[in-house]
Amino acid sequence: MTALIQASGLTILRPGGSETVLQGVDFQIRPGEIVTVVGPNGSGKSSLVRALLGHMPLAAGRVERRPGLRIGYVPQRVQVDTTIPMTVRRFLSLPRRVGDRDAARVLARTGVGGVEARQLTQLSGGQFQRVLLARALLHDPQLLVLDEPTQGLDQPGIVAFYKLIEEVRRQTGAAVLMVSHDLLVVMRASDRVICLNGHVCCEGTPQHVSSAPEYRALFGAESEGTLALYRHHHDHDHDHHHHAGAH
Amino acid sequence: MLDDFFIRAVLAGLGIAAVAGPLGSFVVWRRMAYFGDATAHAAILGVAISLAFQVSIYAGTMLVALAMALAVSALVAREQAMDTMLGVLSHSALAIGLVAISFVPQARSDLSAYLFGDILAVGRGDLALIWAGAAGVLALLAWRWQRLLTASLNEELAMAAGIDPRVERLVLSLALAVLVALSIRVVGSLLISAMLIVPAAAARGLSRSPERMVGNATLIAALAVMGGLWASLHLDTPAGPSIITAAAAIFMVSQAFRRA
Ligand SMILES: Nc1ncnc2c1ncn2[C@@H]1O[C@H](COP(=O)(O)OP(=O)(O)OP(=O)(O)O)[C@@H](O)[C@H]1O
Ligand SMILES: [Mg+2]
């Protein structure tokens, strides 16, 4: 199996209900790939991610994860119980203990160096999100699974975040599976985009997806922006070829 | 030394405190206060059954408390709005237990001993059982410490690390049932959950890490046991309620020193 995770015919029911949340989804992610899942609220993105991780029962289909696959996961909503006194440093050592060096390294990397002694409850939303990412980077993951990782980040933070993801991939060869609503940035940063709405509407390269009618129907005006992005690149490219041809 | 009823009482109380510290911290962290209540209240039904079938009170209460803990735990996993349901279960368990115990003639006379404990009547056998049980529960919690903590903090993160939150819930249910059985003679069914929550709540504001909180809660529970027993001896107050009163006093003082 060359894929890190391979799934076919995934069907998921709503917890405690009988309506389908996802129907017949095929999915795979290969080493070093950045795959982004986009789709409107409630379209089943988080459910897909959780099913791929084995956190959700399947009504049909199957998921194969490469044996021993090391995954770093940042869930969409992490409500850490405020009644547990917990420093950032202690949090990084759950459930596997890590050394001070490694803790400092990942925190510095995600831009929150030196917060070790702070209580989790005393972090801002964006700082907490960075700590979660730092925790996911511990233990040398082969696959990062990030469900809306940029929520709560400021604009420079979002840009820096996608840079960081690129950098991590380049340095460690880790694959990245991401859920995101930042369409414009996603289109630049991903190798492959999956557009989800209860089923896979369309998937492929960012360029392919952004011009697909299904995607445009789903995202309407916002999709124009991403399409324009690619038209621009596209036209540019053609011009270039024309010129080359003319000479 | 063990011949002295007061020394035995102190040792029994300290055995309970040693478990109530860590377990009470989990009860606070996981917001399981009603869960503790329901399990502890079920113990009265356990006493009634034990007396009726002439089996050990410890075994009877532990089994009934465990059944209750498992039932509640299954419900919690399924439903979201649990507050009302837990309240219903907790109070029904108590009422049903009281009705059941009224059918057992020999229990009627010392009903209050089961409701509020009778720590001054603890014998050598009880003491041995309390300390053996406490050691067992502490070993269980220590063994699974990192996993229990992760699952209490966030189930999704726990699952991603290969931890099954259901197993950890089961571990806590089991530990709770054992504690309930061990405490029935010390603080009684009505005050067991107070013994869990009050010291842990007092420790919360004084602690910056889960381990410190467990340590502080244990220390506070131990102080409450000694303070309560001292009061009971010198002021002739009932022992179980005095212990909880001491814990409540420490809680109030702790509020003045909150840090986090
Ligand atoms: N715990 C739950 N209980 C019941 N229904 C749920 C639960 N979680 C999700 N659902 C339902 O499953 C569907 C898909 O939810 P999911 O969280 O996968 O969507 P999403 O694409 O991640 O949305 P968002 O962009 O808002 O994060 C939704 O219709 C939602 O109502
Ligand atoms: Mg989601």
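A note on names: the letters A, B, ... follow the listed sequences, proteins ahead of strands, and every chain is numbered from 1.
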Visitor: Take a 6.0 Å sphere around CZ of A:Arg70 and say whether it holds more than 12 heavy atoms from other residues, nucleotides or ligands.
Guide: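 Atom CZ in A:Arg70 is packed in, count exceeds 12.
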Visitor: Going by an N to O cut-off under 4.0 Å, is there a salt bridge joining A:Arg50 and B:Glu156?
Guide: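 So A:Arg50 pairs with B:Glu156 through a salt bridge.
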Visitor: Give the member of B:Ile163, B:Leu149, B:Leu153 that has the highest number of heavy-atom pairs under 4.5 Å with chain A.
Guide: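 Counting heavy-atom pairs under 4.5 Å, the top option is B:Leu153.
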Visitor: Are the side chain of B:Arg208 and the backbone N or O of A:Ala117 linked by a donor-acceptor pair below 3.5 Å?
Guide: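 The answer is yes, because a donor-acceptor pair under 3.5 Å joins these two groups.
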Visitor: Give, as side chain, backbone, both or neither, the part of B:Met213 having an atom under 4.5 angstrom from any heavy atom of chain A.
Guide: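 Answer is side chain: those atoms of B:Met213 sit under 4.5 Å from chain A.
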Visitor: Please determine, among A:Arg77, A:Arg89, A:Arg97, the option with the most heavy-atom pairs under 4.5 Å with chain B.
Guide: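 Of the options given, most contacts go to A:Arg97.
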Visitor: If you count heavy-atom pairs within less than 4.5 Å of chain B, which of A:Ala136, A:Gly54, A:Gly72, A:Pro95 leads?
Guide: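 With the most close heavy-atom pairs to chain B, the winner is A:Pro95.
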Visitor: Taking atom CD as the centre, does A:Gln171 end up with more than 12 heavy-atom neighbours from other residues, nucleotides or ligands that are less than 6.0 angstrom away?
Guide: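 Enclosed.
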Visitor: Quick one: what part of B:Ser25 sits under 4.5 Å from any heavy atom of chain A, side chain, backbone, both or neither?
Guide: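 Neither; nothing under 4.5 Å.
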Visitor: Please report the C-alpha distance between A:Thr83 and B:Arg31 in whole Å, then the side-chain angles of each, then the deciding distance to 0.1 Å, and finally whether the side chain to side chain contact (heavy atoms under 4.5 Å, CB included) criterion is met.
Guide: CA-CA 8 Å; A:Thr83 54; B:Arg31 300 172 199 276; 3.6 Å; yes
Visitor: To the closest 0.5 Å, what do you measure between CE (A:Met86) and OG (B:Ser207)?
Guide: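 The OG atom of B:Ser207 is 12.0 Å from CE of A:Met86, to the nearest 0.5 Å.
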Visitor: I need the residue from A:Val78, A:Thr121, A:Leu53 with the largest number of non-hydrogen atom pairs under 4.5 Å to chain B.
Guide: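 Most heavy-atom pairs under 4.5 Å with chain B: A:Val78.
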Visitor: For the atom pair CZ (B:Arg204) and CD1 (A:Ile84), what is the distance rounded to the nearest 0.5 Å?
Guide: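 One gets 9.0 Å once the value is rounded to the nearest 0.5 Å.
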Visitor: At their closest point, which heavy atom of B:Leu157 faces which heavy atom of A:Pro75, and how far apart are they?
Guide: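 Minimum heavy-atom contact is CD2-CD, 3.5 Å.
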Visitor: I want to check something: taking the side chain as every heavy atom from C-beta on, are A:Pro85 and B:Arg212 in contact at a cut-off of under 4.5 Å?
Guide: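 The answer is no, as the side chains (C-beta and beyond) never meet within the 4.5 Å cut-off.
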Visitor: Side chain, backbone, both or neither: which part of B:Glu155 has a non-hydrogen atom closer than 4.5 Å to chain A?
Guide: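 Nothing of B:Glu155, per the 4.5 Å heavy-atom cut-off to chain A.
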